[in-house]
Amino acid sequence: MREIGFPYSDPIADGPAIQAAAGRALARGTSTRRGFELLAAIADSCPGIPLNLLVYGNLVHRIGYERFTDTVSQAGASTLLVPDIPLEEARPLRRACRRAGIGHVELAGPLTPGPRLNRLAEDSAFVYLAGFQGVTGVRHGGFTTVLRRVTEVAGKVDVPVCLGFGLSGRDQIESAFGAGARIAVVGSHLVRVVERLYRSSGDAADLLAGYRSAVLGLTAEE
Amino acid sequence: MRPSPRPRQGAFGSFGGRFAPELLTPALEELETARREIVPTTAFRSELDREARDWVGRPTPLTRAPRFSERAGLETVFKREDLLHGGAHKANNVLGQALLARHMGKSRLIAETGAGQHGTATAMIAARFGMEAVIYMGEKDMERQAPNVKRMELCGAEVIPVKAGARTLKDAINEALRDWTASLATTHYLLGTAAGPHPFPRLVRDFQAVIGREAKRQWRREFGGLPDVVVACVGGGSNAIGIFHAFVPQKSVRLVGVEPGGAGLDSGRHGATLVRGTPGLLHGARTMVLQDEEGQILEPHSISAGLDYPGVGPEHAHLQEIGRARYVAATDEEALAAFEVLSATEGIVPAFEPSHALAYVLRARQSGEIPAGSRVLLNLCGRGDKDLETYFSLGRSS
């Protein structure tokens with residue numbers, strides 16, 4: 001799966017790496033409209049690979065749930081995660097996703113109780129489990145607890161479990177799969193890679209090569 | 001367009017709700033349970049009332065303002081929240097929430113602050129209750145309000161500069177929410193205004209509603225009947241909802257909220273969220289916000305750091321939508337002139353925030369916004385010591 005996030009001025013679920021990336025993108029004139037163009041280009045270039053869009057609620061609310069989800073669907077994304085529209089307020093969004101033919105994804109955390117997990121999973125394309133109680137890209141505590149939690153959640157819900165928040169290495173991804181996750185998201189780590197490359201060289205070819213090797217380092221054997 | 005759905009939790013009409021990440025749900029539910037189960041108990045109420053009297057300094061008086069009234073052409077009476085401990089209405093809310101946090105077994109308080117008033121109030125109550133306090137403050141605001149930073153540190157609080165975004169209040173709230181997500185087991189987020197995700201707008205309103213309850217009783221006793229108009233400034237809206245709440249059922253009483261018009265509504269440099277904003281989701285609630293056409297939040301502007309906020313408490317958005325309250329704007333220039341008028345006519349130096357409400361009353365008779373012969377109750381929500389440095393730096397001659 002690929003995950004794309006649209007930059008937002010007030011990303012309250014994100015840690016420093018993604019905040020800074022959103023700030024850079026907005027300062028350089030990125031817009032939701034250009035985000036959708038990028039989304040479509042990515043979907044076209046890798047058909048068959050699921051594409052999850054992560055976007056904050058106000059960007060969806062501003063354009064309108066139905067118009068936004070229609071545009072997501074036309075751009076070729078398969079699922080939508082809006083981290084600040086939780087279960088209780090998600091009904092209109094879920095309806096819009098269904099209508100547009102895309103999956104809706106719910107966020108769960110280390111403290112989400114069992115019965116609530118089941119309600120989150122209902123009608124959800126997958127459950128996006130935050131491994132740590134906190135914001136993205138920042139680790140609180142050991143990974144063993146995270147893996148235990150993955151196994152627990154995977155045993156409770158009927159939909160795939162996606163592990164995110166604070167993942168940065170291939171061994172973590174492998175152990176997440178071993179614990180029962182079907183998807184693992186590496187976000188802040190790759191954003192930091194981009195930031196470093198961007199600072200050290202303005203050259204697009206260098207940036208792409210460096211990013212490619214960082215991604216391959218996560219997925220392939222050395 | 002289809003009407004907006006009513007939020008499922010903590011709605012004020014189509015506004016309010018709990019638009020916060022799932023990871024904050026446990027903290028918000030715990031707080032809502034505490035609000036329902038602890039706040040109404042006799043033990044909590046009597047502790048709150050005692051501390052409000054002995055530490056905060058309630059009740060505050062109603063003060064007639066004959067010389068100001070003459071200038072305005074309207075009989076105006078002030079509710080003197082500027083006389084509270086700390087110099088602003090903020091003490092009402094920090095006392096209530098800190099007591100509640102203590103009952104919930106939390107030992108650490110975090111807060112956001114813009115001008116530093118709420119941060120100072122939080123630092124004061126944390127010192128009194130022996131709790132740890134961490135205050136998030138935009139780096140830019142720390143420069144603008146250096147004396148308040150020192151005051152917080154003197155009370156033992158740690159002030160953390162927020163370097164994200166425009167480095168002001170909005171970014172400080174983001175950072176406090178992020179801290180809370182990771183620290184909710186030991187920490188209470190002491191939000192300073194009647195905004196944010198449910199249950200904050202109700203929690204803060206209920207602790208500030210003492211202003212209106214008291215004023216209503218005092219007015220009846222001293223003047224008889226009810227005021228014709230109740231006026232308050234609106235940033236996040238906690239002092240305004242505090243004085244409005246008791247009067248909402250009395251339809252004869254006109255409620256007017258005054259927002260920061262900054263350099264003028266047409267300049268684009270203002271913080272008049274209700275007057276010029278559009279519905280959006282910010283800091284956990286559906287409310288009126290200043291945003292661009294794609295939903296990115298805009299930076300507000302006001303001479304008053306306490307009103308410098310691109311959102312507003314959702315209950316105000318609702319009161320505006322149903323026509324129960326009216327919201328207007330006063331510019332920086334009008335507020336500064338009113339600041340001077342009140343100082344010179346009544347010997348009260350007001351904060352820049354209520355100076356916006358004063359500015360409205362000063363112009364309202366002439367502009368026809370308030371009919372002649374009306375009796376006005378104005379919430380004088382803070383004193384102006386904190387603004388003197390800024391005022392003198394402007395080099396005005398009054």
Side-chain angles (χ1 to χ4, degrees), chain A residues 6-16 19-20 22-23 26 30-35 55-66 68 82-93 95 106-113 116 120 127-130 132-136 138 140 165, chain B residues 1-2 4-11 16-30 162-166 170-171 173-185 196-198 278-287 289 291-299 310-311:
Chain A
F6 284 177
Y8 176 53
S9 52
D10 296 82
I12 56 171
D14 283 302
Q19 283 172 49
L26 290 172
T30 299
S31 61
T32 299
R33 189 180 56 76
R34 287 176 63 179
V55 58
Y56 280 89
N58 197 44
L59 302 186
V60 185
H61 181 274
R62 181 68 168 143
I63 289 173
Y65 292 167
E66 294 189 354
F68 193 95
V82 184
D84 54 346
I85 298 189
L87 180 65
E88 286 74 14
E89 306 294 357
R91 199 177 288 180
L93 181 64
R95 198 182 316 124
E106 289 277 5
L107 187 62
L111 302 173
T112 309
R116 189 171 170 88
L120 288 173
V127 168
Y128 193 118
L129 176 67
F132 296 103
Q133 182 67 34
V135 292
T136 58
V138 184
H140 308 265
F165 285 40
Chain B
M1 215 170 105
R2 195 195 299 199
S4 294
R6 189 181 159 84
R8 308 273 296 174
Q9 296 175 300
R18 184 183 286 166
F19 293 89
E22 175 65 23
L23 275 72
L24 271 176
T25 301
L28 294 166
E29 283 184 349
E30 186 188 8
V162 177
K163 297 174 182 174
K170 164 177 88 75
D171 309 291
I173 296 179
N174 292 338
E175 213 46 46
L177 286 167
R178 291 181 187 119
D179 178 317
W180 202 29
T181 309
S183 65
L184 45 84
H198 177 65
T278 43
L281 308 179
L282 179 64
H283 294 146
R286 183 176 189 274
T287 185
V289 298
Q291 58 186 335
D292 71 12
E293 58 201 20
E294 289 195 334
Q296 304 291 348
I297 304 302
L298 300 174
E299 281 306 322

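Convention: sequence-line order gives letters A, B, ...; per-chain numbering from 1. Worth saying up front: this structure is predicted, and the values here are computed from it rather than measured.
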Visitor: Starting at CD1 of B/I173, measure out to CG of A/D10 and round the result to the nearest 0.5 Å.
Guide: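 Taking CD1 in B/I173 and CG in A/D10, the distance rounds to 9.5 Å.
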Visitor: With a 4.5 angstrom heavy-atom cut-off, could you sort out which part of A/P11 is near chain B: side chain, backbone, both or neither?
Guide: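 Answer is both: backbone and side chain atoms of A/P11 are under 4.5 Å from chain B.
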Visitor: Contact part of B/S183 toward chain A, heavy-atom cut-off under 4.5 Å: side chain, backbone, both or neither?
Guide: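 Contact with chain A: none, neither part.
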Visitor: Chain B heavy atoms under 4.5 Å from A/P92: which part of the residue, side chain, backbone, both or neither?
Guide: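 Side chain only.
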Visitor: Quick one: of A/G109, A/S31, A/G15, who has the most non-hydrogen atom pairs under 4.5 Å with chain B?
Guide: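 Highest number of pairs under 4.5 Å: A/S31.
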Visitor: Answer yes or no: is there a donor N or O on one side and an acceptor on the other, between the side chain of A/D84 and the main chain of B/F19, under 3.5 Å?
Guide: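 Pair absent, no side-chain N/O of A/D84 close to backbone of B/F19.
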Visitor: Would you mind checking which part of A/F132 comes under 4.5 Å of any heavy atom in chain B, side chain (CB onward), backbone (N, CA, C, O), both or neither?
Guide: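 Contact with chain B involves the backbone of A/F132 alone.
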Visitor: Sequence neighbours left out, what passes side chain to side chain donor-acceptor pair (under 3.5 Å) with B/H283? Give chain and number order.
Guide: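 By the side chain to side chain donor-acceptor pair (under 3.5 Å) rule, B/H283 matches B/N174, B/Y309.
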Visitor: Heavy-atom distance under 4.5 Å to chain B: side chain of A/F165, backbone, both or neither?
Guide: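 Looking at A/F165, just its side chain touches chain B.
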Visitor: Report the distance from atom CG of A/L87 to atom OG1 of B/T25, rounding to the nearest 0.5 Å.
Guide: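 A/L87 atom CG to B/T25 atom OG1 measures 8.5 Å (nearest 0.5 Å).
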Visitor: At a heavy-atom separation under 4.5 Å, does B/D292 approach chain A through its side chain, its backbone, both, or neither?
Guide: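 Looking at B/D292, just its backbone touches chain A.
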Visitor: Identify the heavy atoms of A/L107 and B/P21 that sit nearest to each other, and give their distance.
Guide: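 Between these two residues, the closest heavy atoms are CD2-CB, 4.5 Å.
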Visitor: Which one, B/E175, B/K163, B/E293, leads in non-hydrogen pairs under 4.5 Å with chain A?
Guide: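 Result: the option with the highest number of such pairs is B/E293.
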Visitor: Chain A heavy atoms under 4.5 Å from B/A20: which part of the residue, side chain, backbone, both or neither?
Guide: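 For B/A20, backbone heavy atoms alone lie under 4.5 Å from chain A.
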Visitor: Are B/E22 and A/R116 close enough for a salt bridge, meaning some N to O gap below 4.0 Å?
Guide: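 A salt bridge is present here (some side-chain N lies under 4.0 Å from a carboxylate O).
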Visitor: Output the distance between atom CG (A/N58) and atom CD (B/Q296), rounded to the nearest 0.5 Å.
Guide: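 With rounding to 0.5 Å, CG (A/N58) is 8.5 Å from CD (B/Q296).
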Visitor: Test A/E88 against B/R18 for side chain to side chain contact (heavy atoms under 4.5 Å, CB included), laying out the working first.
Guide: CA-CA 8 Å; A/E88 286 74 14; B/R18 184 183 286 166; 5.7 Å; no
Visitor: Just how far is it from atom CD1 of B/I297 to atom CZ of A/R62, taken to the nearest 0.5 Å?
Guide: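 With rounding to 0.5 Å, CD1 (B/I297) is 9.5 Å from CZ (A/R62).
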Visitor: Counting only non-hydrogen atoms closer than 4.5 Å, does B/L184 touch chain A with its backbone (N, CA, C, O), its side chain (CB onward), both, or neither?
Guide: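 The side chain, not the backbone.
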Visitor: Taking A/R33, A/E106, A/H61 one by one, which has the highest count of heavy-atom pairs under 4.5 Å against chain B?
Guide: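 Going by pairs under 4.5 Å, I would pick A/H61.
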Visitor: Is chain A contacted by the side chain of B/L23, its backbone, both, or neither, given a heavy-atom distance below 4.5 Å?
Guide: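 Contact with chain A is through both the backbone and side chain of B/L23.
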Visitor: With a 3.5 Å distance limit and no angle check, can you tell me whether B/E294 reaches the backbone of A/L59 through a side-chain donor-acceptor pair?
Guide: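 Absent.
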Visitor: Which distance, rounded to the nearest 0.5 Å, do you find between the CZ of B/R178 and the CD of A/Q19?
Guide: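 So the CZ of B/R178 and the CD of A/Q19 are separated by 3.0 Å.
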Visitor: Which atoms of B/P7 come close to chain A, meaning under 4.5 Å heavy atom to heavy atom: side chain ones, backbone ones, both, or neither?
Guide: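 Contact with chain A is through both the backbone and side chain of B/P7.
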Visitor: Quick one: what part of B/P279 sits under 4.5 Å from any heavy atom of chain A, side chain, backbone, both or neither?
Guide: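 Both backbone and side chain of B/P279 come within 4.5 Å of chain A.
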Visitor: Residues in side chain to side chain donor-acceptor pair (under 3.5 Å) with B/E29, at least two apart?
Guide: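 Counting only residues at least two positions away or on another chain, B/E29 forms no side chain to side chain donor-acceptor pair (under 3.5 Å).
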Visitor: Is chain B contacted by the side chain of A/R91, its backbone, both, or neither, given a heavy-atom distance below 4.5 Å?
Guide: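 Side chain only.
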Visitor: If you tally heavy-atom pairs under 4.5 Å against chain B, which of A/V135, A/I85, A/I63, A/T32 wins?
Guide: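 Option with the top pair count is A/T32.
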